[in-house]
Amino acid sequence: MQPGAQILDVACGVGRYSLEMAKLLDQGGLINAVDLWDDGIESLRNIIREQGIANIQPLLADITKGIPLNDGSIDFCLMATILHDLSPEGQDATLKEIKRVLKDDGVLAVIEFKKIDKGPGPPVSIRMSEQETEKTLRKHGFLKTYLGEVGEFNYLLTLKKRSA
């Protein structure tokens, strides 16, 4: 994480990824942890209060209707195991918002479940293959920079926001 990095954790749930990323940030960095699930955001608020964590900002918001951040304010966005859950319209709206808040050289990291019928996660019928995910993201102006495995059941795609 670069000094002063501004991060967005989309659909963060109870903030497990946010809590880990917070350990890697310097004092100037900030993680904007966004979710529609009120109980998850409240749980994250409690954890950061109890642990004295100052570099996570929990935000309650519907990512398909808008992310409450300024245009071009985010260096790095994490979208972990959520893309497959969104309807095509929800994917379009969310990816449009992510593209809006990312800086021109911003990075989007997407973790998804492999399209295999084993392990944890959703039914294989709604999982997205690496190729399907990349095609969806490319349609929204993101260019693949990396594809790799995250354990036995997940993959990671990193992408750059394509300049206008």
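Both backbone and side-chain heavy atoms feed into the values below; hydrogens, waters and symmetry mates do not. Numbers here are sequence positions counted from 1.
- In plain terms, the two heavy atoms of I82 and A11 that are nearest each other are CG1-CB, 3.6 Å.
- A donor-acceptor pair is defined here as one N or O able to donate and one able to accept, closer than 3.5 Å; no such pair exists between the side chain of D62 and the backbone of L36.
- Taking 4.5 Å as the limit, some side-chain heavy atom of T94 sits within range of a side-chain heavy atom of M79.
- Remark: the backbone N or O of E132 is paired with a side-chain donor or acceptor of T136 at under 3.5 angstrom.
- Without hydrogens or angle criteria, E112 side chain to R127 main chain gives no donor-acceptor distance under 3.5 Å.
- Note: the hydrophobic cluster containing Y155 also contains L86 (ILVMFWY, side chain heavy atoms under 4.5 Å, direct or indirect links).
- Considering only heavy atoms from C-beta on, K139 comes within 4.5 Å of D92 through its side chain.
- Heavy atoms only, all atoms of each residue included: Q91 and M128 are closest at NE2-SD, 3.7 Å.
- Counting only heavy atoms from C-beta outward, the side chains of L30 and L25 never approach each other to under 4.5 Å.
- Contact annotation: the side chain of I48 approaches that of L19 to within less than 4.5 Å [non-hydrogen atoms, C-beta and beyond].
- Scanning all heavy atoms of the two residues, the minimum distance from I56 to A33 falls at CG2-CB, 4.1 Å.
- In this structure, D35 contributes its side chain and G13 its backbone to a donor-acceptor pair below 3.5 Å.
- More than 12 heavy atoms of other residues, nucleotides or ligands sit less than 6.0 Å from atom NZ of K103.
- Among I63, V110, L83, the single residue meeting the side-chain contact (heavy atoms from CB on, under 4.5 Å) criterion with L95 is L83.
- The closest donor-acceptor contact from the side chain of K114 to the backbone of E152 lies under 3.5 Å.
- Contact annotation: the side chain of L59 never approaches that of C12 to less than 4.5 Å [non-hydrogen atoms, C-beta and beyond].
- Here L159 contributes atom CG and T133 contributes atom OG1; the two are 9.5 Å apart, rounded to the nearest 0.5 Å.
- By the side-chain hydrogen bond (donor to acceptor under 3.5 Å, both in side chains) test, Q57 is found to be paired with N32, residues two or more places apart in sequence or in another chain being considered.
- Just one of Y146, F76, F142 meets the side-chain contact (heavy atoms from CB on, under 4.5 Å) condition when paired with T158; it is Y146.
- Linking ILVMFWY residues whenever their side-chain heavy atoms come closer than 4.5 Å, directly or via other members, leaves I74 and I7 in distinct clusters.
- Judged by distance alone, the side chain of R100 and the main-chain N or O of G66 form no donor-acceptor pair under 3.5 Å.
- Annotation for K115 and S125: closest pair NZ-O, 4.2 Å, computed over non-hydrogen atoms.
- With L78 as reference, I111 is the one residue of L8, I111, L156, V10 to meet the side-chain contact (heavy atoms from CB on, under 4.5 Å) rule.
- When hydrophobic clusters are built by joining Ile, Leu, Val, Met, Phe, Trp and Tyr residues whose side-chain heavy atoms come closer than 4.5 Å, directly or via intermediates, L137 is grouped together with V101.
- Atoms SG and CD, from C77 and E97 in turn, are 11.0 Å apart once rounded to the nearest 0.5 Å.
- Minimum interatomic distance between N55 and A22 (heavy atoms only, all atoms of both residues): ND2-O, 3.0 Å.
- Separation of atoms CD1 (I41) and CG (D38) is listed at 8.0 Å; rounding is to 0.5 Å.
- K160 contributes no side-chain N or O that, together with a main-chain N or O of L143, makes up a donor-acceptor pair within less than 3.5 Å.
- Checked by atom type and distance alone, the side chain of Q6 never pairs as donor or acceptor with a backbone atom of S73 at under 3.5 Å.
- Nearest heavy atom pair, residue A61 against residue V34, reads CB-CG1, 3.8 Å.
- Atom OH of Y17 sits about 5.5 Å away from atom OG1 of T81, to the nearest 0.5 Å.
- Looking only at side-chain heavy atoms (C-beta outward), R45 and E42 come within less than 4.5 Å of each other.
- Cluster annotation: M21 and L102 are assigned to distinct hydrophobic clusters (Ile/Leu/Val/Met/Phe/Trp/Tyr, side-chain heavy-atom contacts under 4.5 Å, transitive).
- Interatomic distance, I126 CD1 to F113 CZ, rounded to the nearest 0.5 Å: 9.5 Å.
- Tracing side-chain contacts under 4.5 Å through hydrophobic residues (I, L, V, M, F, W, Y), one never reaches I67 starting from I31; they form parts of separate clusters.
- With contacts defined as side-chain heavy-atom distances shorter than 4.5 Å, the pair V107/T145 does not qualify.
- Looking at R138, its side chain never comes within 3.5 Å of a backbone N or O of K144 through a donor-acceptor pair.
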